[in-house]
Amino acid sequence: MNYRSIKGTKDILPSETPLWQYAEQIIRDVFRQFNYKEIRTPVFETTALFARSIGELTDIVGKEMYTFQDRSGDSITLRPEGTASALRAYIQNNLGESLPLSKVYYIGPMFRQERPQAGRLRQFHQFGAEAIGSPTAETDVEIIAMTLEIYKRLGITNYTLQINSVGDEECRPRYKEVLRNELLKIADKLSGESQKRIEQNPMRVLDSKDENDKALTAGMPLITDYLNDECQAHFERVKSLLSAYSIPFTVNGRLVRGLDYYTKTAFEITSTELGSQDALAGGGRYDLLVKELGGKQTPGVGFAAGMERLMMILEKKGFQPPVQRPTVFLAAADDKARDWVLKTTMMLRTKGIAAECDLLSRSLKSQMKEADRQQAKYSLVVGSMELETGSAVLKNLTDHSQQQIQLGTIEQFFTR
RNA sequence: GUGGCCAUAGUUCAGUCGGUUAGAACGCCAGGUUGUGGCCCUGGAGGUCGUGGGUUCAAAUCCCACUGGUCACCCCA
C-alpha cells in the first residue's frame, strides 16, 4: 500500500520553502508598510457563508466547493476564498465598532475541487487584503497599488492591470436588462455555456473566451455605458488616481469576476509568464457584502492573489532565494572528540548561533563534505590533540582562510 | 466535468524489429597510504519498468482497463 497526497494537492518540500518564505516575507513587509494587519480565520466555515457571499449561481459555489457534513450533521465547507471569512470575522467581532476603517490581510490555503492544471491546484494558497469601511476611490487605488508593489518588489514586471466598473444595485440591473434583450436576439448562435448564462448572469457572456461569442457580442453595450452618476464618478476618480500614481492600466468593459459580490470597481492582474491560468491577482469593491452577511451597511474593497502562480514566475525567472545555512560546522577528527563536539554544538545553538555537527558517526572527510554541502560558513576540526592544547583551526569555507582559535573563546568569535 | 499527451533508479532521461544479467548522467555511500570540503579518480548501493489483465515460446516494448501526472477546454488565484 502506497500513500499519495490527494489529487491536486502538493507537498512544498524543504528545497522549495526558502523561496516561499522569501516571497512571504516581502508580502508581509508590503502589507505592514501599507498598515494592513494580519487576520487568521479558520479554514472551514458553515457552507451558507460562502453560498451567500460568493453567490449560489457561481461556478465556485455550484461545483467547486469541498462541502461535507460533520458528525453532528452540519454542512461545512473548506474555504474557497478569503473574503467571506474575513468579513464574517469582522462582523462577528464587531471590528467596525472600534475603528471606522479595518485594514486586514491574510495568507493561507484555499480549496476548490477543480481539475488540476498548470497554476491550478485543489489546495492552493492565496494572500489578500480587505479594507472594510471605506467607500472612497482612494481606497480602491490603495489596494491596487499595494498589490502591484508586491510584484514590483519581487522583480515581476510582465503583467497587465485591467479594470472595470460593474456598477451598483441601482444601475447594474438596468444594464443587465438591456444586455439580456440584446443577447436574446442572437441566443441561438451563442455557445451552449453562454446561452445558459443569458438569464442568470448575462454579463458573463461578454467575458466568454469563445471566439464565436466574442465576434457576436462585439458591438454590444457595455456596463461602462450604463453606469449611474455615482458609479461613473467613482470610476473616473479611480482612473485619474491610477494615472496620478503612474500606474498603467487598461479599461476592459467586459471584465466580470467570478464572484457575485463585486460592485463598482473590479480589477484583474494577468501575466504572460503563466500558462492558460494567467490571473495573478484579482479584486474589487463589495459595498453590499457586509450587509448581505448580516452586518451593518459597510462598504469595502479587497484583492486576492495566488501564491503558486507567483512561485511559478519566480522559478521561471531563476530567482535564487537566500538559503538556510549553518554558521559553523564542528567536525570531530576522532572518536574522543565527538562528545566535546556535540556538547559545544548544543552550547553554541543556545547562544543563538546556527551550529551543526555530524550525528551519523561519519569519517572526518564525510563530515567536511557535509559541511560543504550544508554551505556552512566555517568549519572547526577538533580531535584529541586540540582538546589537549585547547586550540583548533577554524576554517572559512568561502575564502578558504584558516586561523587558530582558543576553544574556550569559540562562542565570542561568532557572537561579536 | 470533457479531451490530447505521458508513466523505466532519489532526479532528468536512453532502451533498436518484442529476445537472454534494463543502461547513462546527476545525486547518494565508501575510498584515493593512517587529521580537512568544493575539482578529479576508483569502487559501491539503488529499479517487482505506475497497477491489474490480455496477446505471445518470449513484453519495459503490442492491446485493454484502472490509477496518477501533465497540458488544454471550462473556470479562476
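Proteins get letters first, then strands, A, B, ... in listed order; numbering begins at 1 in each.
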Got more than 12 heavy atoms from elsewhere within 6.0 Å of CD, A:Q324? no
Mind listing the closest non-hydrogen atom pair of A:A266 and A:V166 along with its distance? CB-CG1, 4.2 Å
Option from A:R338, A:K365, A:R373, A:K369 for which salt bridge (Lys or Arg N to Asp or Glu O under 4.0 Å) with A:D358 holds: A:R338
Rounded off to whole Å, could you give me the CD1-to-C1' distance for the A:I54 and B:rC76 pair? 12 Å
Whole-Å distance between B:rG37 P and A:L364 CG? 8 Å
Is a donor-acceptor pair below 3.5 Å formed from side chain A:E386 to base B:rG35, judging by atom type as modelled? yes
Using 4.0 Å as the upper bound for N to carboxylate O, is an ion pair formed by A:R112 and A:E81? no
With rounding to whole Å, what would you report as the distance between B:rA14 and B:rU61 at their C1' atoms? 13 Å
Heavy atoms under 4.0 Å is the rule here; annotate nucleotides 68-75 of chain B 5' to 3' with B where the base is hit, S where only the sugar-phosphate is, and - elsewhere. SS-SBBBB
Tell me what A:L310 touches on the nucleic acid: a base, only sugar-phosphate, or nothing, going by heavy atoms under 4.0 Å. nothing
Indicate the ring-plane relationship of A:Y159 and A:Y151, choosing parallel, tilted or perpendicular according to the 30° and 60° boundaries. tilted
Rounded distance (nearest 0.5 Å) linking atom CD of A:Q69 with atom CD1 of A:I76: 9.5 Å
Nearest-Å distance, CD (A:Q402) to C1' (B:rG35)? 12 Å
Using a 4.0 Å heavy-atom cut-off, does A:T58 contact any base of the nucleic acid, only the sugar-phosphate backbone, or nothing at all? nothing
Assigned chi class of B:rG38 under the 90° convention is syn
To the nearest Å, give me how far apart NE2 (A:H400) and C1' (B:rG38) are. 8 Å
Which residue, A:F127, A:F34, A:Y36, A:F31, forms the ring pair (Phe, Tyr, Trp, His ring centres under 6.0 Å) with A:Y105? A:F31
If you assign each of A:S366 and A:D372 to its closest nucleotide in RNA chain B, which residue comes earlier from the 5' end? A:S366
How many whole angstroms separate atom NZ of A:K369 from atom P of B:rC40? 11 Å
What is the minimum heavy-atom distance between A:L330 and A:Q367, and which atoms define it? O-OE1, 4.1 Å
Would you give the length of the straight line joining atom OG1 of A:T47 to atom CZ of A:F68, rounded to the nearest 0.5 angstrom? 8.0 Å
For RNA chain B, what is the dot-bracket line, given that a base pair needs Watson-Crick (N1 to N3, plus N6-O4 or O6-N4) or G-U wobble (N1-O2 and O6-N3) geometry with both distances under 3.5 Å, and | means paired with another strand? (((((((..((((.....[...)))).(((((.......))))).....(((((..]....))))))))))))....
Could you tell me how far apart A:N396 (CG) and B:rG38 (C1') are, to the nearest whole angstrom? 13 Å
